[in-house]
Asker: 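The structure follows.
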Amino acid sequence: MPSDLRITWTPAEHGWADCTVEASAARAELAASYISSAPEDLLVAVARLVAGESETRAQFEAEPTAFRWIFYREGDSAWLRLLELRHGSDHDSAGAELWSGALSVDGLVRAVVRCFDEVATVYGESNYRSKWGEHFPRDELEALRRIWRARRPTDRP
């Protein structure tokens, strides 16, 4: 399973962000508009996966295109599929797969937490709001961090 998953979230012009997902020399580029709660939805979907759900989803709206994240979990392993859809209401089968891969649940959480920690460090929460148009998803980030820590075996650092 790739342990090199890297996710970046870059606020672009007001109300838009670019997101990149990279692992094992594969790369997918996504866009998100603030018409949806894209960062919050991603953080909540990953938190629900950590909590034990076997499938969760998040969606980035890009007016009219949408990017759908589909997470599957079995034990300590996860599978991520990223789809690009012409319209957000389209069925999964209508989407083009941009990226998919198996990874550990820990690796997935680590990549998502690092992504938003980097955003907070680089932009600061007030500058983030001025660029994205909404508050930094601090509550969702900290909720993911708490549930991840609570679920991790005690023998891990």
Side-chain angles (χ1 to χ4, degrees), residues 1-2 4-74 77-105 107-120 122-123 125 127-145 147-148:
M1 278 184 255
D4 63 337
L5 180 67
R6 177 155 170 75
I7 301 171
T8 59
W9 176 267
T10 308
E13 61 187 79
H14 183 76
W16 287 91
D18 298 317
C19 181
T20 304
V21 178
E22 298 177 87
S24 303
R27 178 183 173 107
E29 295 182 2
L30 299 75
S33 165
Y34 74 141
I35 64 167
S36 67
S37 302
E40 293 87 349
D41 292 349
L42 176 60
L43 289 160
V44 168
V46 174
R48 289 176 37 221
L49 198 75
V50 173
E53 290 190 30
S54 59
E55 181 180 332
T56 63
R57 294 164 177 258
Q59 185 160 298
F60 292 1
E61 298 294 338
E63 304 177 56
T65 303
F67 297 95
R68 189 169 296 151
W69 303 65
I70 307 170
F71 301 97
Y72 304 97
R73 179 182 179 159
E74 187 173 311
S77 299
W79 182 266
L80 168 59
R81 288 184 69 209
L82 290 174
L83 304 177
E84 181 176 0
L85 301 122
R86 289 183 59 184
H87 301 282
S89 61
D90 287 349
H91 188 276
D92 293 350
S93 63
E97 189 170 275
L98 299 178
W99 191 92
S100 68
L103 54 154
S104 70
V105 172
L108 171 63
V109 176
R110 195 173 299 112
V112 172
V113 167
R114 282 184 185 153
C115 169
F116 287 99
D117 281 347
E118 286 176 14
V119 170
V122 170
Y123 297 97
E125 294 187 27
N127 192 31
Y128 173 88
R129 182 172 185 186
S130 70
K131 292 182 105 19
W132 173 242
E134 297 293 336
H135 290 285
F136 181 80
R138 175 61 60 196
D139 292 343
E140 293 83 0
L141 176 59
E142 294 309 320
L144 172 57
R145 199 184 316 269
I147 196 164
W148 181 38

Asker: One pair to check against side-chain contact (heavy atoms from CB on, under 4.5 Å): L144 and V109. What are the steps and the verdict?
Answerer: CA-CA 8 Å; L144 172 57; V109 176; 4.1 Å; yes

Asker: Side chain of Q59, backbone of G88: donor and acceptor closer than 3.5 Å?
Answerer: yes

Asker: Name all residues meeting the side chain to side chain contact (heavy atoms under 4.5 Å, CB included) criterion together with A51; count only those two or more places apart in sequence or in a different chain, and write none if there are none.
Answerer: I147, R151

Asker: Verify whether the ring centers belonging to W99 and F67 lie closer than 6.0 Å.
Answerer: no

Asker: For salt bridge (Lys or Arg N to Asp or Glu O under 4.0 Å), just list the numbers for R129 and E134, CA-CA rounded to whole Å, side-chain angles, deciding distance to a tenth of an Å, and then say yes or no.
Answerer: CA-CA 5 Å; R129 182 172 185 186; E134 297 293 336; 5.8 Å; no

Asker: Between Y123 and W132, does the ring centroid distance fall short of 6.0 Å?
Answerer: no

Asker: Examine distances only and state if a side-chain atom of D4 and a backbone atom of A23 form a donor-acceptor pair shorter than 3.5 Å.
Answerer: no

Asker: Would you indicate whether R86, at its atom CZ, is surrounded by more than 12 heavy atoms from other residues, nucleotides or ligands within a distance under 6.0 Å?
Answerer: no

Asker: Evaluate L42 against F60 for side-chain contact (heavy atoms from CB on, under 4.5 Å), listing each step before the verdict.
Answerer: CA-CA 9 Å; L42 176 60; F60 292 1; 4.2 Å; yes

Asker: Can you name the one residue among E142, E140, H135 that meets side-chain hydrogen bond (donor to acceptor under 3.5 Å, both in side chains) with R138?
Answerer: E142

Asker: Taking ring pair (Phe, Tyr, Trp, His ring centres under 6.0 Å) as the test, write out the residues that go with F136, two or more places apart.
Answerer: Y128

Asker: Show your reasoning for whether side-chain contact (heavy atoms from CB on, under 4.5 Å) applies to D117 and L141.
Answerer: CA-CA 8 Å; D117 281 347; L141 176 59; 3.5 Å; yes

Asker: Dump the intermediate steps for side-chain contact (heavy atoms from CB on, under 4.5 Å) on D18 and E29, then the final yes or no.
Answerer: CA-CA 7 Å; D18 298 317; E29 295 182 2; over 6 Å; no

Asker: Locate the shortest heavy-atom distance separating L5 from V21; write the atom from each residue and the value.
Answerer: CD1-CG1, 3.8 Å

Asker: Could you walk me through whether S33 and E61 pass the side-chain hydrogen bond (donor to acceptor under 3.5 Å, both in side chains) test, one step at a time?
Answerer: CA-CA 6 Å; S33 165; E61 298 294 338; over 6 Å; no

